[in-house]
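What you see is a predicted model; the values in this text were computed from it and never measured.
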Amino acid sequence: METVNQLLASIQDVGRDAVRGGYSRAVYSTPELDLRQWFIEQAKQRGLDVETDRNGIIWAWWGKPQNGALVTGSHLDSVPGGGAFDGPLGVASALAAVDILKSRGVQPPRSLAITVFPEEEGSRFGVACLGSRLLTGAIDVDKALNLRDADGNTFGDVARANDLDPRHIGPDSEALARIGDFVELHVEQGKGLGQGGPAIAVGSSILGHGRWKISVSGQGNHAGTTLMADRADPMVAAAQIVLAVRDTAAKQPDARATVGRLSPVPGGTNVIASRVDLWLDARHPDDAVTARLIEAIYGAAEEVAAAEGCTATLTEESYSDTVHFDPGLSRRIGGLLPGAPVLATGAGHDAGVLAGYVPSAMLFVRNPSGISHSPEEYVADKDASAGTVALADVLEGLL
């Protein structure tokens, strides 16, 4: 029986990013595929029956696959230069929890499954929680198949290259019916649990959040021959838009807005860009406030672009309403983990997508600094172990 810490140690060299630090494990990249194979092998070692569904979701079954099963799991892909725990902690904890249950002599009265969802981060194709969105029908299939990565590959083509048939990708009512309850364990991505006290919390809700692309178009030209007064430079407008995003969000309590990615076209050092694309992440507990925030940001972007002789367009790439986890399931979990605090989170998760379709809940494991999506993300060994025991207790109590 391997502990969660031993399981995480066994994959600590997979997908290391020598440039960014941390890990880069984009969906269907070599590192992510290696981790998928690692999970399959670990599940089989535990006597679990493994299958990959038509959306690329891996299911490892303890007991016969059937409707109404108890399901846990998370993801193995990462943001560029991400931490070691975001995703893999939940998967490794689920494997270790099965070991604990077997050591207790538990014989599940209903089937239990561990799932691994692909493209949770959206770092390759731009839409977070793509696997769970496809499963539930929360994204249009044609839109999903035509999503492109930075190299111009469509999701449909990449899926086909990884043994998925694009004709069968999309809503899967039979697979969804197998989920009676879903519990996802995840590293906390804030400071809610702090430095002391309980190491485990029960999730209550997820902030409404989305991703938008702002494209600023100007006049591409020669950097040496074009006078400053003759320019329509979208990069100058883009720089001002980034500041406008910060300033607009700062005026709204509880709002968060971030430009974490910017791409100039054509991207030459001695070239005035013809277009600059910015990707905006915005979040707020009130979906109506999020909508007003985006409207204000876009208004500011149009004004700034016009002042520089440019134009700006806004495209929504994904959006998820504020999610409140199933209260009945959360109460049951709270009863199984006395003393565990209840926390809301600003981070999106597959459990948040599933919550609109099946009873779902989350457990969070302490991250003392609150830093996540960064190489500095951290979970102490003792807290990871406590999380595994808590997950085992919850699974046993829900079975």
[X] versus [Y]: any side-chain heavy-atom pair under 4.5 Å?
X: I100; Y: D393; value: no
X: R332; Y: L398; value: yes
X: P341; Y: P198; value: yes
X: P88; Y: R25; value: yes
X: D286; Y: T322; value: no
X: F325; Y: M362; value: yes
X: L95; Y: I114; value: yes
X: D181; Y: V71; value: no

Shortest non-hydrogen contact between [X] and [Y], atoms and distance:
X: V216; Y: A305; result: CG1-CB, 4.3 Å
X: A97; Y: T388; result: N-CG2, 3.7 Å
X: V342; Y: S204; result: CG1-CB, 3.4 Å

Side chain [X], main chain [Y], donor-acceptor under 3.5 Å:
X: H284; Y: P253; value: yes
X: T52; Y: I58; value: no
X: R256; Y: D254; value: yes
X: R110; Y: G68; value: yes
X: S374; Y: E377; value: no
X: E184; Y: A351; value: yes
X: S111; Y: K64; value: yes
X: N367; Y: E188; value: yes
X: N162; Y: V158; value: yes
X: N146; Y: D142; value: yes

S385 vs N5, test: side chain to side chain donor-acceptor pair (under 3.5 Å). Steps then yes/no. CA-CA 7 Å; S385 297; N5 300 308; 3.1 Å; yes
Hey, are [X] and [Y] close enough for a salt bridge, meaning a charged N less than 4.0 Å from a carboxylate O?
X: R160; Y: D157; answer: yes
X: D172; Y: R178; answer: no
X: D165; Y: R54; answer: no
X: D140; Y: K143; answer: no

F182 vs T72, side chain to side chain contact (heavy atoms under 4.5 Å, CB included): CA-CA, chis, key distance, verdict: CA-CA 6 Å; F182 182 76; T72 187; 5.6 Å; no
Side chains of [X] and [Y]: is there a donor and an acceptor less than 3.5 Å apart?
X: D277; Y: S215; answer: yes
X: Q240; Y: E308; answer: yes
X: Y28; Y: D77; answer: no

Out of curiosity, does [Y] fall in the hydrophobic cluster containing [X] (side-chain heavy atoms, cut-off under 4.5 Å, transitive links)?
X: L48; Y: V183; value: yes
X: V50; Y: V91; value: yes
X: L293; Y: Y298; value: yes
X: V304; Y: V276; value: yes
X: L337; Y: L399; value: yes

Does atom [atom1] of [X] have more than 12 heavy-atom neighbours from other groups under 6.0 Å away?
X: E174; atom1: CD; answer: no
X: E51; atom1: CD; answer: yes
X: E316; atom1: CD; answer: yes
X: E376; atom1: CD; answer: no

Point-to-point distance, once rounded to the nearest 0.5 Å, from [atom1] of [X] to [atom2] of [Y]:
X: I200; Y: L391; atom1: CD1; atom2: CG; answer: 9.5 Å
X: T313; Y: W212; atom1: OG1; atom2: CH2; answer: 15.0 Å
X: L207; Y: H209; atom1: CG; atom2: NE2; answer: 8.5 Å
X: E2; Y: L7; atom1: CD; atom2: CG; answer: 4.5 Å
X: R246; Y: I297; atom1: CZ; atom2: CD1; answer: 12.5 Å
X: E302; Y: I241; atom1: CD; atom2: CD1; answer: 9.5 Å

Run the side chain to side chain contact (heavy atoms under 4.5 Å, CB included) check on I57 and L135 step by step: do they pass? CA-CA 9 Å; I57 302 166; L135 169 68; 3.9 Å; yes
Test log, rule salt bridge (Lys or Arg N to Asp or Glu O under 4.0 Å), inputs D281 and R283: CA-CA 7 Å; D281 180 298; R283 308 175 188 230; 2.7 Å; yes
Fit a plane to each ring of F155 and F125, take the angle between them on a 0 to 90° scale, and name the class: parallel (under 30°), tilted (30 to 60°) or perpendicular (over 60°). perpendicular
Once the angle between the rings of F364 and H349 is folded into 0 to 90°, is it parallel (under 30°), tilted (30 to 60°) or perpendicular (over 60°)? tilted
Please lay out, stage by stage, how E396 and R104 fare under the test salt bridge (Lys or Arg N to Asp or Glu O under 4.0 Å). CA-CA 10 Å; E396 183 175 5; R104 294 175 180 176; 2.7 Å; yes
Determine whether L164 and N55 satisfy the following criterion, side chain to side chain contact (heavy atoms under 4.5 Å, CB included), listing intermediate values before the conclusion. CA-CA 7 Å; L164 300 179; N55 289 307; over 6 Å; no
Please test V379 against L89 for side chain to side chain contact (heavy atoms under 4.5 Å, CB included), starting from the C-alpha separation and ending with a verdict. CA-CA 9 Å; V379 176; L89 178 66; 4.2 Å; yes
Stepwise side chain to side chain donor-acceptor pair (under 3.5 Å) check, W38 with S10: CA-CA 9 Å; W38 165 82; S10 71; 3.3 Å; yes
Go through the steps to decide whether D86 and H186 satisfy the test side chain to side chain donor-acceptor pair (under 3.5 Å), and finish with yes or no. CA-CA 7 Å; D86 182 357; H186 204 278; 2.8 Å; yes
R36 NZ/CZ over F39 ring centroid, <6.0 Å and within 45° of normal: no
Just do the side chain to side chain donor-acceptor pair (under 3.5 Å) check on R20 and S24 with the steps written out, would you? CA-CA 8 Å; R20 301 181 181 94; S24 292; 3.3 Å; yes
